[in-house]
Asks: 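Please read through the structure below; I'll follow up with questions.
Letters A, B, ... mirror the listed sequences (proteins, then strands); counts begin at 1. Everything numeric here is computed off the predicted structure, so don't read it as measured data.
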2 protein chains.
Amino acid sequence: MSRYDPSAFPPFAVTVDLVVLTVRDHELCALLVKRGEAPFQGYWALPGGFVRLDEGLAEAASRELAEETGLRAQSLPGSLPVGQTPAGAHLEQLATYGHPQRDPRMRVVSVAYLVLAPDLPSPRAGGDASSARWAPVRELFGEERNDGVLLAFDHEQILADGVERARSKIEYSSLATAFCPPEFTVGELRRVYEAVWGVVLDPRNFHRKVTGTPGFLLPSGGTTTRQGGRPAQLFKAGGATVLNPPMLRPEA
Amino acid sequence: MSRYDPSAFPPFAVTVDLVVLTVRDHELCALLVKRGEAPFQGYWALPGGFVRLDEGLAEAASRELAEETGLRAQSLPGSLPVGQTPAGAHLEQLATYGHPQRDPRMRVVSVAYLVLAPDLPSPRAGGDASSARWAPVRELFGEERNDGVLLAFDHEQILADGVERARSKIEYSSLATAFCPPEFTVGELRRVYEAVWGVVLDPRNFHRKVTGTPGFLLPSGGTTTRQGGRPAQLFKAGGATVLNPPMLRPEA
DNA sequence: TGTGATTATCGTCAGAGAGACGACTAAGAT
DNA sequence: ATCTTAGTCGTCTCTCTGACGATAATCACA
């Protein structure tokens with residue numbers, strides 16, 4: 001707060017953009033919406049919108065998330081705004097992007113939020129998005145990158161940052177459970193790690209690790225056969241949020 | 001970007017706030033400035049100021065940093081904006097704070113940046129700050145917390161988030177070297193860890209760990225006696241930015 | 001010129017944890 | 001019945017860490 005007349009502050013537009021990730025069909029996918037208006041009309045983009053003058057940032061992110069997906073999300077009070085929905089989806093602030101020319105219309109600062117959600121029924125086009133889809137991250141960034149998919153604004157960068165955050169955060173936190181339904185098996189959790197990291201993990205070592213970490217998993221009683229093979233024990237997410245020692249992401 | 005007329009977007013003020021940390025006298029300290037004007041006149045606060053309409057966020061943070069401390073900082077292009085100054089100071093985006101009532105005057109969204117700097121000569125009052133000082137973090141948050149020191153706005157929360165980020169980031173990155181001069185000894189680096197974490201580390205295990213991690217430290221040739229005792233080898237920061245396996249912060 | 005204090009550096013040992021992988025279990029498919 | 005698929009338990013080895021002994025090289029001071 002300095003040598004400025006506060007009544008003459010430079011006016012900015014503030015938006016939130018959402019990096020919504022889920023695991024579908026053994027693949028990490030991001031929610032994209034098709035823009036219905038200029039600029040970047042017809043391009044795929046991250047869902048998002050303007051922050052209203054009377055709402056907080058996480059609140060705006062929750063609202064946009066609900067509008068685009070129907071997911072409920074609420075942020076907890078506390079340091080960096082982080083929250084869990086009743087449905088298990090997780091919302092946290094990612095980073096803020098404010099390059100002076102990132103929006104050709106005006107000066108826009110966008111606060112990006114990261115959402116990790118269990119597999120959702122199917123994207124619902126909401127607001128002004130003429131359509132929405134789950135885009136496999138591999139198509140956007142992997143070797144088999146499809147260069148036809150260019151995102152609007154700087155959303156490619158935002159998405160890349162979100163994916164990297166998710167990949168590193170499941171190492172040292174129990175966040176991977178946010179990709180799972182309320183009850184899940186060790187194998188399902190392992191497939192989440194495999195999809196997010198794009199690797200194959202040893203089922204025996206993985207099982208030893210996650211069941212041996214206190215507070216990570218809570219047995220919920222039942223067993224299930226969802227993948228064929230021997231029935232597996234069902235678990236709920238335990239109270240632990242931080243894993244110490246962490247899950248190790250394979251090197252190469 | 002949605003059902004709003006873009007020419008009628010809700011106007012926000014956007015500021016940057018700086019969490020500038022250094023290690024002085026075996027203690028983690030944060031740079032505070034005394035506010036010269038309302039609101040919170042006379043309160044200590046984080047340095048910061050309005051973002052100009054034609055500058056980026058990291059750019060504004062660098063500018064404010066230079067105005068308050070004379071430190072040069074520049075951000076590198078790349079994902080989350082992160083940079084290293086020639087002088088060794090490190091600048092990275094921390095988080096963004098936008099509660100509707102965080103500033104009583106108007107709707108302000110503040111992008112906080114974290115700066116890690118080597119011990120600086122002495123704070124220089126700049127801009128509208130009537131004075132500036134290095135406040136030991138222990139006085140603000142530790143057991144011996146001095147409740148007389150209440151920071152303006154939500155700066156207490158921002159500072160706490162910045163300190164926690166620094167504490168966790170030196171675990172798995174080589175960032176602790178940002179607190180050191182260009183050349184330093186293993187003992188000096190250890191004292192940085194001890195000050196930031198508020199613990200005592202075993203000199204022998206610490207030495208083995210840091211010298212055994214490839215790319216962390218580069219021998220620079222010379223030796224020095226800065227603390228009395230046997231002369232120590234001098235090192236520069238190596239190229240490695242991520243430590244794998246990480247430095248482990250003692251439990252209790 | 002010792003002698004002690006201080007800091008740096010090297011070594012040793014035991015225990016925890018991870019990767020590799022063998023073996024067994026319990027379901028469905030043919 | 002047998003094969004296939006997935007889940008679960010155990011074992012072995014290697015790496016890394018924490019605890020701690022020992023030695024090295026400087027300064028302060030008697």
Side-chain angles (χ1 to χ4, degrees), chain A residues 25-26 170-172 180 183-195 197 199-236 240 242-252, chain B residues 25-26 170-172 180 183-195 197 199-236 240 242-252:
Chain A
D25 211 14
H26 291 206
I170 63 174
E171 290 186 48
Y172 57 89
C180 296
E183 295 201 329
F184 53 89
T185 69
V186 172
E188 287 164 352
L189 184 62
R190 176 168 47 82
R191 271 168 232 117
V192 164
Y193 275 91
E194 292 179 333
W197 285 344
V199 298
V200 175
L201 300 175
D202 184 290
R204 300 158 289 187
N205 292 336
F206 183 86
H207 187 277
R208 176 183 59 190
K209 173 68 179 174
V210 297
T211 57
T213 299
F216 193 2
L217 299 184
L218 275 170
S220 74
T223 62
T224 296
T225 299
R226 280 204 266 253
Q227 315 279 336
R230 170 176 167 179
Q233 203 179 345
L234 280 172
F235 293 89
K236 299 180 293 190
V242 63
L243 303 183
N244 196 346
M247 293 286 308
L248 291 183
R249 172 159 34 164
E251 313 279 325
Chain B
D25 211 14
H26 292 205
I170 64 173
E171 288 187 50
Y172 56 89
C180 295
E183 296 202 328
F184 52 90
T185 69
V186 172
E188 286 163 353
L189 183 62
R190 175 169 47 83
R191 271 168 232 117
V192 164
Y193 275 91
E194 293 180 333
W197 284 344
V199 297
V200 174
L201 301 175
D202 184 289
R204 298 157 292 190
N205 292 337
F206 184 86
H207 188 277
R208 176 182 60 191
K209 173 68 178 175
V210 297
T211 57
T213 299
F216 193 3
L217 298 184
L218 274 170
S220 74
T223 62
T224 291
T225 300
R226 280 204 268 253
Q227 315 278 338
R230 170 174 167 181
Q233 205 180 343
L234 281 171
F235 293 90
K236 299 179 294 189
V242 63
L243 305 183
N244 197 345
M247 292 287 307
L248 291 184
R249 172 158 37 162
E251 313 279 323

Asks: Starting at atom CD of Q233(B), determine the distance to atom C1' of dC10(C), rounded to an integer number of angstrom.
Replies: 13 Å
Asks: I want to verify a distance call: between dT9(C), dT26(D), dA18(C), whose nearest atom is closest to the T225(B) side chain?
Replies: dT26(D)
Asks: Can you say whether a donor on the side chain of R230(B) sits under 3.5 Å from an acceptor on the base of dA8(C), or the other way round?
Replies: yes
Asks: Are P203(A) and V186(A) packed together at the side-chain level, in the sense that at least one heavy-atom pair is separated by less than 4.5 angstrom?
Replies: no
Asks: Flag the pair R249(B) / I170(B) as yes when at least one side-chain heavy-atom distance between them is below 4.5 Å, and no otherwise.
Replies: no
Asks: Touch check for R226(B), heavy atoms < 4.0 angstrom, all strands: base, sugar-phosphate only, or nothing?
Replies: nothing
Asks: Separation of K209(B) atom NZ from dT9(C) atom P, in whole Å?
Replies: 18 Å
Asks: Whole Å only: how far is the CD atom of Q227(A) from the C1' atom of dA29(C)?
Replies: 16 Å
Asks: Send over the distance from L234(A) CG to dA27(C) P, rounded to a whole Å.
Replies: 14 Å
Asks: Indicate, yes or no, whether a donor-acceptor pair under 3.5 Å links the base of dG7(D) to the side chain of R204(A).
Replies: no
Asks: Round to a whole Å and report the spacing from CG of N205(B) to P of dT9(C).
Replies: 15 Å
Asks: Rounded to whole angstrom units, what separation is found between the CZ atom of R191(A) and the P atom of dT5(D)?
Replies: 14 Å
Asks: Any non-hydrogen side-chain atom of L217(B) less than 4.5 Å from a side-chain atom of L189(B)?
Replies: yes
Asks: Measuring from the side chain of P245(B) (C-beta onward, heavy atoms only), which nucleotide among dA25(D), dT8(D), dT17(D) has the closest atom?
Replies: dT17(D)
Asks: What I'd like to find out is whether the side chain of L201(A) reaches to under 4.5 Å of the side chain of P250(A), using heavy atoms alone.
Replies: yes
Asks: Would you mind reading off the distance between D202(B) atom CG and dA19(D) atom P, rounded to a whole angstrom?
Replies: 8 Å
Asks: Hey, which of these two, T185(A) or L248(B), hits DNA chain D nearer its 5' end, going by closest nucleotide?
Replies: T185(A)
Asks: Rounded to the nearest Å, what distance is computed from the CG atom of residue N244(A) to the P atom of nucleotide dA18(C)?
Replies: 10 Å
Asks: Quick one, P219(B) and F235(B) - any side-chain contact, counting heavy atoms below 4.5 Å?
Replies: yes
Asks: Report yes if a side-chain nitrogen or oxygen of H207(A) is closer than 4.0 Å to either non-bridging phosphate oxygen (OP1 or OP2) of dT8(D); otherwise report no.
Replies: yes
Asks: Do R208(B) and dG18(D) have a side chain to base donor-acceptor pair shorter than 3.5 Å?
Replies: yes
